[in-house]
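The block underneath contains the structure these notes are about, expressed in structure tokens.
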Amino acid sequence: IYPPTSLKRHRHSKYGKHTYDPSSKEKADFVSKIKNNIPQKPIEGPIKAVLNFYEKRPKSHYRTGKLSNMIKKNAPKINTSKRDIDNFVKFVLDALNKKMYLDDSQIFEIVCGKYYSDSDGYIECKFEEVIEIMNQEELINKINELKMNNEVNHIIGYMFVNKDKN
């Protein structure tokens, strides 16, 4: 479990000769927490990413006293807090670059949401490699390649194409 984190802008030294990433420690921490879910070999094909960010509700959303575990009736149901979803997305994509996939340019579609959680904040990530339409022989070869590399969890779905039919 890792709370939603915004990507911080790169900083430059006073004289402009050195650039550093103020998010590097947080990105390394995020990757270390999910390392068991990262494939040994980065995904090489086009990717569809689904990213859901769950932020812990602020105390102001809860009632007080004996009912302090209950959410107020007027508490917002949709998370429109000041923290921008695009910065959450950039943080995850930058952190997983060259680990989950070769380059984040492989991602052609992103579906994301920002929600409230009654417990601690966390991030849900799902990366689907989209296998291009291939004939049956190419498909069998791709499946065997994935099996040999213990990457069967990347097989999402395939389409068979019969080249003889229109």
Side-chain angles (χ1 to χ4, degrees), residues 1-12 19-58 61 75-161:
I1 293 179
Y2 198 84
T5 305
S6 295
L7 182 68
K8 297 177 182 97
R9 292 186 180 162
H10 284 71
R11 304 282 184 229
H12 302 279
T19 302
Y20 72 97
D21 179 2
S23 296
S24 60
K25 186 175 184 291
E26 292 166 321
K27 288 192 284 190
D29 188 35
F30 171 68
V31 169
S32 73
K33 289 189 190 298
I34 65 162
K35 66 183 173 191
N36 293 334
N37 296 315
I38 296 175
Q40 292 177 348
K41 183 179 156 194
I43 298 170
E44 295 178 2
I47 300 168
K48 176 182 177 181
V50 179
L51 304 171
N52 290 312
F53 303 94
Y54 295 87
E55 292 186 278
K56 185 175 182 173
R57 279 189 177 274
H61 288 201
K77 296 186 181 4
I78 297 173
N79 185 348
T80 57
S81 66
K82 293 282 185 192
R83 298 177 60 188
D84 295 345
I85 193 171
D86 61 318
N87 289 324
F88 290 163
V89 170
K90 286 186 271 187
F91 173 82
V92 171
L93 297 184
D94 270 13
L96 297 177
N97 210 17
K98 295 182 177 55
K99 295 167 184 64
M100 178 69 74
Y101 36 80
L102 298 173
D103 188 80
D104 55 11
S105 65
Q106 293 169 251
I107 299 172
F108 71 93
E109 182 178 348
I110 299 172
V111 178
C112 57
K114 182 173 73 165
Y115 309 99
Y116 283 121
S117 169
D118 293 330
S119 60
D120 289 337
Y122 61 98
I123 303 169
E124 285 180 347
C125 303
K126 182 179 178 183
F127 296 89
E128 297 176 354
E129 181 176 13
V130 177
I131 308 295
E132 296 175 27
I133 296 174
M134 54 184 72
N135 65 37
Q136 192 169 358
E137 182 181 338
E138 292 171 327
L139 174 63
I140 291 168
N141 290 338
K142 181 65 175 177
I143 291 172
N144 288 335
E145 176 191 332
L146 292 171
K147 282 181 181 176
M148 285 182 8
N149 294 331
N150 289 325
E151 296 177 14
V152 178
N153 61 328
H154 292 308
I155 300 172
I156 305 300
Y158 297 95
M159 292 180 66
F160 288 101
V161 176

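As a basis for the values below, the full set of heavy atoms in this structure was taken, side chains included, without hydrogen atoms, waters or symmetry mates. For the single chain, residues carry numbers from 1 onward in sequence order.
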Legend entry - Pairs meeting criterion side chain to side chain donor-acceptor pair (under 3.5 Å) with involvement of residues 104-114, two or more places apart: D103-S105
What is the minimum heavy-atom distance between [X] and [Y], and which atoms define it?
X: L102; Y: K98; result: O-CG, 3.5 Å
X: V89; Y: C112; result: CG2-SG, 4.0 Å
X: A95; Y: V31; result: O-CG2, 3.3 Å
X: G113; Y: I85; result: C-CD1, 3.6 Å

Distance, nearest 0.5 Å, that separates [atom1] of [X] from [atom2] of [Y]:
X: K56; Y: D118; atom1: NZ; atom2: CG; value: 10.0 Å
X: I123; Y: N52; atom1: CD1; atom2: CG; value: 10.5 Å
X: K35; Y: F30; atom1: NZ; atom2: CZ; value: 14.0 Å
X: K27; Y: D94; atom1: NZ; atom2: CG; value: 4.5 Å
X: E55; Y: Y115; atom1: CD; atom2: OH; value: 12.5 Å
X: L93; Y: M100; atom1: CG; atom2: CE; value: 10.5 Å

Legend entry - Main-chain N/O of I140 paired to N144 side chain as donor or acceptor, under 3.5 Å: yes
Inset, instruction - State whether the side chain of Y122 and the backbone N or O of S117 hold a donor-acceptor pair below 3.5 Å, judged by distance alone. - result: no
Legend entry - E128/K126 salt bridge by N-O under 4.0 Å criterion: yes
Inset, instruction - Decide side chain to side chain contact (heavy atoms under 4.5 Å, CB included) for F108 and V130; before the verdict, give the C-alpha distance in whole Å, the side-chain angles of both, and the deciding distance to 0.1 Å. - result: CA-CA 10 Å; F108 71 93; V130 177; 3.6 Å; yes
Legend entry - Which residues share a side-chain hydrogen bond (donor to acceptor under 3.5 Å, both in side chains) with S24, sequence neighbours left out: none
Inset, instruction - Evaluate the side-chain proximity of Y54 to N79: yes if any heavy-atom separation is below 4.5 Å, no if none is. - result: no
Inset, instruction - Side-chain contact test, heavy atoms from C-beta onward, threshold under 4.5 Å: evaluate it for L96 versus I34 and give yes or no. - result: yes
Legend entry - Parallel, tilted or perpendicular, as decided by the 30° and 60° cut-offs, for the rings of Y116 and H61: perpendicular
